[in-house]
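Just so it is clear, the values below take in all heavy atoms, side chains as well, and ignore hydrogens, waters and symmetry mates. Note on naming: letters A, B, ... go to the chains in the order of the sequence lines (proteins, then strands), and numbering restarts at 1 for each one.
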Number of protein chains: 2
Amino acid sequence: MGADFPFSMPRFPEDAEREPLPESLTRYMGFLIAKAHQRLWTLFNDECKRLGFDVPCGGVLHLLDECGSMSQQQLGRKLRIDRTSMVKLVDVLEEKKLAKRRDHPEDRRIYLVEITPAGKKALAELQVVGEAMEKQLLSPFSEDEVKTIRRALLTLAG
Amino acid sequence: MGADFPFSMPRFPEDAEREPLPESLTRYMGFLIAKAHQRLWTLFNDECKRLGFDVPCGGVLHLLDECGSMSQQQLGRKLRIDRTSMVKLVDVLEEKKLAKRRDHPEDRRIYLVEITPAGKKALAELQVVGEAMEKQLLSPFSEDEVKTIRRALLTLAG
DNA sequence: CATGATTGTCAGTATTGCTGATGATTTCCT
DNA sequence: AGGAAATCATCAGCAATACTGACAATCATG
């Protein structure tokens, strides 16, 4: 997954204590999305943790790497994370030397958040496992089906 | 959506302060699911709040209504909610008279959680708005596409 | 009968998202 | 030019949340 947001997600249960979802609830798209999210978040967050950060940080790194430096507000708007939550997120990234705040040359209210070389390195590692994970998760589906799914989720995400 | 889980989800931003998701991140299924979840959860939770409870409670009610009384552990396993979180969830439901704990006739360790008439009534109202919401959200997609999406999410949910 | 597993509960901890405020700037308006 | 309003980052504090690790009561197993 790319990014998410800082929030506490209930863990996807271990194999031993997990049972199939109740069919009566799987009729609801919202329930399905919620539980799919729970699983993917757990899987991906474990990988992030191995690299020393977490899912929300990974999302910020990804965005910074793709789109270049931007202000915290921009980050928050794009990732749909509250501005005040973004402060702490960038604090963490800075503390771990994965990103840093730079002064904006023209607007002194703004910090331009910038990914560091260490951040790029960590992100690259994350992308490797992330893409492998997605590939495996989506292996049961055809290319067309994946396209449909993607389009649907994008629509649902608003 | 039926149910979810007790946890704090960042709100889907209001129209005014929302911008399209960054394309670079929408390539990731995990990100898409996360953001779709964020939106649906916000929408559905607002409806639940109008009825005096919240999404996780709605999920429990739904399961109880469909599958009959069961223990808290069973509820938790089926909904993939931690056992200790379930305690508080049932506390809330009982306080609001939407469900109640009954003694298990054969195993005195267990409470059978049971939906009340008031709970059934609230659930019925929720289902009306829930189904209307899903119908609207899925209106851009054909029946076959919806089937594919459902199957995909079910697979991803594990 | 003794050991171990299961169920519900609770206290305590660590996180999390957000509200509302502040100070520093910039932009807009006249 | 000058003042009002908007913008940005930040912070304190609040209300939820998930989970760990304990506990007592009860049941299952050998």
Mind checking if A:Arg83 touches a base, just sugar-phosphate, or nothing, with heavy atoms under 4.0 Å?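 Base, at least one base atom sits under 4.0 Å.
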By the 4.0 Å heavy-atom rule, please label B:Gln74 as base, sugar-phosphate, or nothing.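 No contact.
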Compare the minimum distances between each of [options] and the side chain of [X], then state the nucleotide with the smallest one.
X       : options               : result
A:Val87 : C:dC10, D:dA9, C:dT25 : D:dA9
B:Gln72 : C:dT9, C:dA5, C:dC18  : C:dT9
B:Lys88 : C:dG12, C:dT6, D:dC8  : C:dG12

Give the rounded distance in Å between these two atoms: [atom1] of [X] and [atom2] of [N].
X        : N      : atom1 : atom2 : answer
B:Gln73  : D:dC27 : CD    : P     : 15 Å
A:Trp41  : C:dT16 : CH2   : P     : 7 Å
A:Asp91  : D:dA12 : CG    : C1'   : 14 Å
A:Ile81  : C:dT15 : CD1   : C1'   : 15 Å
A:Asp82  : C:dG20 : CG    : P     : 12 Å
A:His104 : C:dA24 : NE2   : C1'   : 16 Å
A:Gln38  : D:dC19 : CD    : C1'   : 13 Å
B:Arg11  : D:dT17 : CZ    : P     : 14 Å

Tell me if the centroids of the rings in A:His62 and B:Tyr28 come within less than 6.0 Å of each other.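 Here the rings of B:Tyr28 and A:His62 have centres that are less than 6.0 Å from each other.
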Side-chain touch A:Phe141/B:Thr155, heavy atoms, less than 4.5 angstrom: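 Yes, their side chains come closer than 4.5 Å.
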Residue pair A:Leu43 / A:Phe12, side-chain heavy-atom distance below 4.5 Å: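 Counting from C-beta outward, A:Leu43 and A:Phe12 never come under 4.5 Å.
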Using the closest heavy atom to pick a nucleotide of DNA chain C for each, name whichever of A:Asp107 or A:Thr84 lands nearer the 5' end.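 The residue mapped nearer the 5' terminus is A:Thr84.
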First encountered from the 5' end of DNA chain D, between B:Arg108 and B:Asp54: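 It is B:Asp54, whose closest nucleotide lies nearer the 5' terminus.
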Can you tell me if A:Arg109 touches the phosphate of D:dT7, counting only side-chain N or O atoms and a distance under 4.0 Å to OP1 or OP2?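 No, because none of the side-chain N or O atoms of A:Arg109 sits under 4.0 Å from OP1 or OP2 of D:dT7.
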For C:dT9 and B:Arg101 - does any side-chain N or O of the residue sit under 4.0 Å from the phosphate oxygens OP1/OP2? yes
Should the pair B:Glu94-B:Arg101 be classified as a salt bridge under the 4.0 Å nitrogen-to-oxygen rule?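 Answer for the salt bridge query: yes.
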Would you please say whether a donor-acceptor pair under 3.5 Å links the side chains of B:Asp144 and B:Ser142? no
